[in-house]
Amino acid sequence: MEYFAYSQKEFVYKYVVMLSDTDQFKHMSFANYLKLMFLATDAILQGFTDVTFLSQKRIRLAHSRMKFKRQSVAGDSILVKVNSSNLGKNSFTLLYTFLTEGSADLVALGRQAFECVGLVGKTSEEIPQPMRSLLDPIAVKEEHLLYSY
Amino acid sequence: MKKKILLIDDEEIVLKSIAKLLIREGYEVIACRSGTEAIDQAKSEAVDLIVCDVRMPQLNGIETVRRIRDLIKSSTKKPTPEILITGYADQMANREIESLQVAEYLYKPFDLRDFLGAVKKALKT
């Protein structure tokens with residue numbers, strides 16, 4: 001079950017934790033939080049519909065990290081709030097704030113840095129303007145945010 | 001004389017970050033982990049501003065603010081502006097908060113400069 005929408009200055013991706021996401025202790029396994037970051041990123045970039053892009057360029061993950069704060073269990077609705085930062089000519093960062101819907105408990109904080117590169121991955125390329133227009137509305141100054149990602 | 005701020009949030013990371021920021025900016029901070037603790041403090045301390053998280057276990061921020069307002073009304077203390085902060089609010093919560101008419105309402109994660117701006121503005125009114 002998925003839900004995503006722009007709200008305030010953030011992109012919100014909603015995910016309901018399934019039984020299959022949980023481990024033997026009935027908590028969502030750590031790897032699935034990482035998966036959620038990728039799912040949320042995919043959801044944002046769904047608005048970018050230039051089909052020729054992938055025949056010329058790639059968005060490469062340069063760096064990824066996560067701070068895990070609290071467990072979640074099957075049935076929990078996780079809201080992944082996404083902001084962008086450090087939006088440069090060839091690269092950008094996405095910041096992920098995971099909250100439990102309802103209680104607004106902080107579950108995790110994630111950060112991923114991306115680069116736009118050529119097809120073979122050896123040249124740095126400019127981020128296409130339509131993609132930039134998806135990231136601009138959710139841009140923040142990372143160093144001034146409440147949480148440290 | 002330093003302005004005194006009553007800060008209420010059940011999330012330790014937020015409480016520590018905001019308290020540290022406010023102290024650095026020259027404010028005196030009374031930090032509370034729950035609405036109940038905040039109400040006890042409000043009984044004995046006069047504060048210049050209340051910053052309160054909305055989503056807290058047992059007693060939420062909306063009810064905490066209402067009870068503190070009732071305390072202030074029944075005393076000689078002057079009305080205190082409030083800033084509410086939240087990581088998530090549904091439509092019902094948004095409507096309740098609107099009816100409270102607090103000084104400011106911020107979504108987490110907020111820019112700390114925006115938060116400080118809201119604090120300064122609330123303290124001027």
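Protein chains get the first letters and strands the later ones, always in sequence-line order, with residue 1 at the start of each.
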Contacting moiety of I18(B), where chain A heavy atoms sit under 4.5 Å: side chain

Neighbour count above 12 (heavy atom, 6.0 Å) for K141(A) NZ: no

I97(B)-I83(B) co-clustered via ILVMFWY side chain contacts under 4.5 Å: no

Step-by-step side chain to side chain contact (heavy atoms under 4.5 Å, CB included) determination, I13(B) to K69(A): CA-CA 10 Å; I13(B) 188 177; K69(A) 302 288 178 188; 3.8 Å; yes

N60(B) versus chain A, the contacting section by heavy-atom distance below 4.5 Å: neither

Heavy-atom closest contact (S103(A) atom, R55(B) atom, distance): O-CB, 3.2 Å

Minimum heavy-atom distance between P109(B) and T97(A), given as atom pair plus value: CG-OG1, 3.5 Å

L146(A) side chain near L112(B) side chain, heavy-atom distance below 4.5 Å: yes

Single-linkage hydrophobic cluster, 4.5 Å side-chain cutoff, I39(B) and I50(B) together: yes

ILVMFWY network linking L79(A) to F110(B), side-chain heavy atoms under 4.5 angstrom: no

Under 3.5 Å donor-acceptor pairs involving side-chain atoms of residues 113-120 of chain B, not counting sequence neighbours:
unit_1: R113(B); atom_1: NE; unit_2: H144(A); atom_2: ND1; d: 3.2
unit_1: R113(B); atom_1: NE; unit_2: D111(B); atom_2: OD1; d: 3.1
unit_1: R113(B); atom_1: NE; unit_2: D111(B); atom_2: OD2; d: 3.4
unit_1: R113(B); atom_1: NH1; unit_2: H144(A); atom_2: ND1; d: 3.4
unit_1: R113(B); atom_1: NH2; unit_2: H144(A); atom_2: ND1; d: 3.4
unit_1: R113(B); atom_1: NH2; unit_2: D111(B); atom_2: OD2; d: 2.7

Cluster overlap L49(B) with Y105(B), hydrophobic side-chain contacts below 4.5 Å: no

Flag, side chain of K81(A) to backbone of Y88(B), donor-acceptor distance under 3.5 Å: no

Crowding at CD, E143(A) (>12 non-hydrogen neighbours, <6.0 Å): yes

Heavy-atom pair count under 4.5 Å with chain A, highest-scoring of V14(B), V54(B), D53(B): V14(B)

Winner by heavy-atom pair count (cut-off under 4.5 Å) against chain B, out of L106(A), D105(A), L99(A), T100(A): L106(A)

